[in-house]
There are 2 protein chains.
Amino acid sequence: MKKITIGEASRQSGVKVPTIRYYEGIGLLSAPSRSEGNQRSYEPADISRLVFIRHARELGFEVDAIRTLLILQDDPNQSCASADAIAKARLIDVEQRIRSLMALKVELEAMVAGCGHGRVDQCRVIEVLADHGQCAHNHH
Amino acid sequence: MKKITIGEASRQSGVKVPTIRYYEGIGLLSAPSRSEGNQRSYEPADISRLVFIRHARELGFEVDAIRTLLILQDDPNQSCASADAIAKARLIDVEQRIRSLMALKVELEAMVAGCGHGRVDQCRVIEVLADHGQCAHNHH
DNA sequence: CTTGCACCTCTAGTCGCTAGAGGATGTAGG
DNA sequence: CCTACATCCTCTAGCGACTAGAGGTGCAAG
């Protein structure tokens, strides 16, 4: 029975120490047992859970979505329809973001290309920002 | 001299009323004159400024960056090198975000496609989240 | 004159952490 | 055993960019 300190858990999971305590506070991670001196003592299962959370966060899932995914993970007999729905919603969101960012990219490229590196009154960057009508994404 | 109320300014600029007040509070917008009854009274120039800010926010510029852009806009004799630099930095950021999101998209698609719509213990969504080693972006 | 909307200020909440204060614990060396 | 030092503890406050709500005032139409 080796005791895993919060620092060790952090190193193994890649989740920062204050973030681990934060996750405990918001109920994503259940409170671990404590040492005699009141220090948190984790088990391997907690590390797995932290890795799960970190990975989901990296994929942009919100904490509420992760909460649901963790509940599903804890009960393997359930249908995975919810997990599927959450992942699909996230996929749609990511696709939407990519589309917006592509539009932004086009507009920013035009701004940067149009900048004659002269004075501000000839600068397309400022001009485009000031007058929405001149810009690439006035589709709304 | 028609007086523009904050509500009218909001309608014309597309910036919400509390957000206009917020912008005034953080010094993005200078405090307008007031009516006898202490109500804010805007001028057309303020509307242009709000449109400028809104558009810049839509393009993802941070408030600090917008502050700099507004200073540049107010002094058209300045070199537009700063504006150019800010726009270029933003472009690089957007490109980076697009790359990350594309990687995410690939991974989420694999998750969704791999979900057999059965029980959680056969669900790739949960599985991939639990085990980083199985996923598409373990390049770090 | 009254109704009702728009306006005012102020505080607190959102999300997902992060930083810092001020103190206790655990460990390694002398 | 003592000391030094890293790590741990709790608690509160701050970040960015708003948003929501309470509690009160102004103003225009009927």
Side-chain angles (χ1 to χ4, degrees), chain A residues 1-29 31-42 46-47 49-70 86 89-90 93 97 100, chain B residues 2-29 31-42 46-47 49-50 52-70 86 89-90 93 97 100:
Chain A
M1 271 296 148
K2 61 201 168 225
K3 56 194 168 181
I4 306 174
T5 67
I6 196 169
E8 193 48 38
S10 171
R11 250 160 272 134
Q12 285 182 30
S13 66
V15 180
K16 287 182 200 154
V17 169
T19 306
I20 295 177
R21 287 196 278 250
Y22 168 73
Y23 286 159
E24 183 183 325
I26 62 169
L28 262 199
L29 198 66
S33 56
R34 300 284 185 127
S35 76
E36 278 191 33
N38 197 33
Q39 301 199 324
R40 287 171 182 81
S41 176
Y42 293 95
D46 297 315
I47 310 296
R49 204 170 173 92
L50 280 170
V51 168
F52 185 103
I53 296 169
R54 178 173 66 85
H55 194 191
R57 287 293 301 130
E58 281 170 6
L59 288 171
F61 288 96
E62 292 177 5
V63 164
D64 258 11
I66 296 173
R67 216 184 294 272
T68 308
L69 290 169
L70 283 167
I86 290 169
R90 179 72 196 129
D93 182 48
R97 267 169 216 271
S100 313
Chain B
K2 56 193 173 233
K3 56 192 167 180
I4 305 174
T5 65
I6 197 168
E8 192 47 38
S10 171
R11 249 159 273 133
Q12 284 181 33
S13 67
V15 179
K16 286 183 202 153
V17 168
T19 307
I20 296 177
R21 287 195 279 252
Y22 169 73
Y23 285 160
E24 183 183 325
I26 62 168
L28 261 199
L29 198 65
S33 57
R34 298 285 184 128
S35 76
E36 280 189 32
N38 196 34
Q39 298 196 313
R40 287 171 181 81
S41 175
Y42 293 95
D46 297 315
I47 310 297
R49 204 170 172 90
L50 280 170
F52 185 102
I53 295 169
R54 179 174 64 86
H55 193 191
R57 286 294 299 130
E58 281 171 6
L59 288 171
F61 289 96
E62 292 177 4
V63 164
D64 258 11
I66 296 173
R67 216 185 293 272
T68 309
L69 290 169
L70 283 167
I86 290 169
R90 179 73 195 127
D93 182 48
R97 266 170 217 271
S100 312

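Predicted model only: the values in this text are computed from it and were never measured. Naming convention: chains lettered A, B, ... in sequence-line order (proteins, then strands); numbering from 1 in each chain. Just the heavy atoms: all of them, side chains too, but no hydrogens, waters or symmetry mates, feed the values below.
What separates OH of Tyr42(B) from C1' of dC7(C) is a distance of 11 Å, to the nearest Å. Protein atom CD of Glu8(A) is 9 Å distant from nucleotide atom P of dC8(D), rounded to whole Å. In this entry the distance linking CD1 of Ile26(B) with P of dC15(D) reads 12 Å, nearest Å. When the C1' atom of dG16(C) is taken as reference, atom CD of Glu24(A) falls 17 Å away, rounded to whole Å. Rounded to whole Å, the distance from CD1 on Ile6(A) to P on dA24(C) is 19 Å. The interatomic distance linking Arg11(A) (CZ) with dC8(D) (C1') rounds to 12 Å, in whole Å. Distance, Gln39(B) CD to dT9(C) C1': 13 Å, rounded to whole Å. Atoms NZ (Lys3(B)) and P (dG26(D)) sit 14 Å apart, rounded to a whole Å.
Glu36(B) comes within contact range of no nucleotide atom at all, as no heavy-atom separation falls under 4.0 Å.
Going from atom CG of Leu28(A) over to atom CD1 of Ile20(A) covers 12.0 Å, rounded to the nearest 0.5 Å. Atom CD of Glu24(B) is separated from atom CZ of Arg21(B) by 9.0 Å, given to the nearest 0.5 angstrom.
Between dT19(D) and Thr19(B), a contact under 4.0 Å exists linking OP1 or OP2 to a side-chain N or O. Residue Arg21(A) places at least one side-chain N or O under 4.0 Å from the OP1 or OP2 atom of dC9(D). Taking side-chain N and O atoms only, Arg40(A) has no distance below 4.0 Å to OP1 or OP2 of dC8(D). Residue Lys16(A) has no polar side-chain atom (N or O) positioned under 4.0 Å from OP1 or OP2 of dC17(C). In terms of phosphate contacts, Ser35(A) brings no side-chain nitrogen or oxygen within less than 4.0 Å of OP1 or OP2 of dC8(D). Taking side-chain N and O atoms only, Arg34(A) has a distance below 4.0 Å to OP1 or OP2 of dT10(D).
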Begin with the C-alpha distance, continue with both residues' side-chain angles, and end with the deciding distance and a verdict on salt bridge (Lys or Arg N to Asp or Glu O under 4.0 Å) for Asp64(A) and Arg67(A). CA-CA 5 Å; Asp64(A) 258 11; Arg67(A) 216 184 294 272; 3.5 Å; yes

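The nearest pair of heavy atoms linking Ser41(A) to Pro32(A) is O-CB, 3.5 Å.
Residues Asn38(B) and Ile53(B) each lie close to DNA chain D; by heavy-atom proximity, the contact nearer the 5' end of the strand is made by Ile53(B). Along DNA chain D, the nucleotide nearest Phe61(B) and the nucleotide nearest Gly37(B) are compared for position; the residue whose nucleotide lies closer to the 5' end is Phe61(B).
Of all nucleotides listed (dC17(C), dT27(C), dG26(D)), dC17(C) comes nearest to the side chain of Arg57(A). Here the nucleotide nearest the side chain of Tyr22(B), chosen from dA17(D), dC7(C), dC9(D), is dA17(D). Nearest nucleotide to the Tyr23(B) side chain, out of dC18(D), dC8(D), dC8(C): dC18(D).
Note on Arg90(A) versus Asp93(A): salt bridge recorded, some NZ/NE/NH1/NH2 to OD/OE distance being below 4.0 Å.
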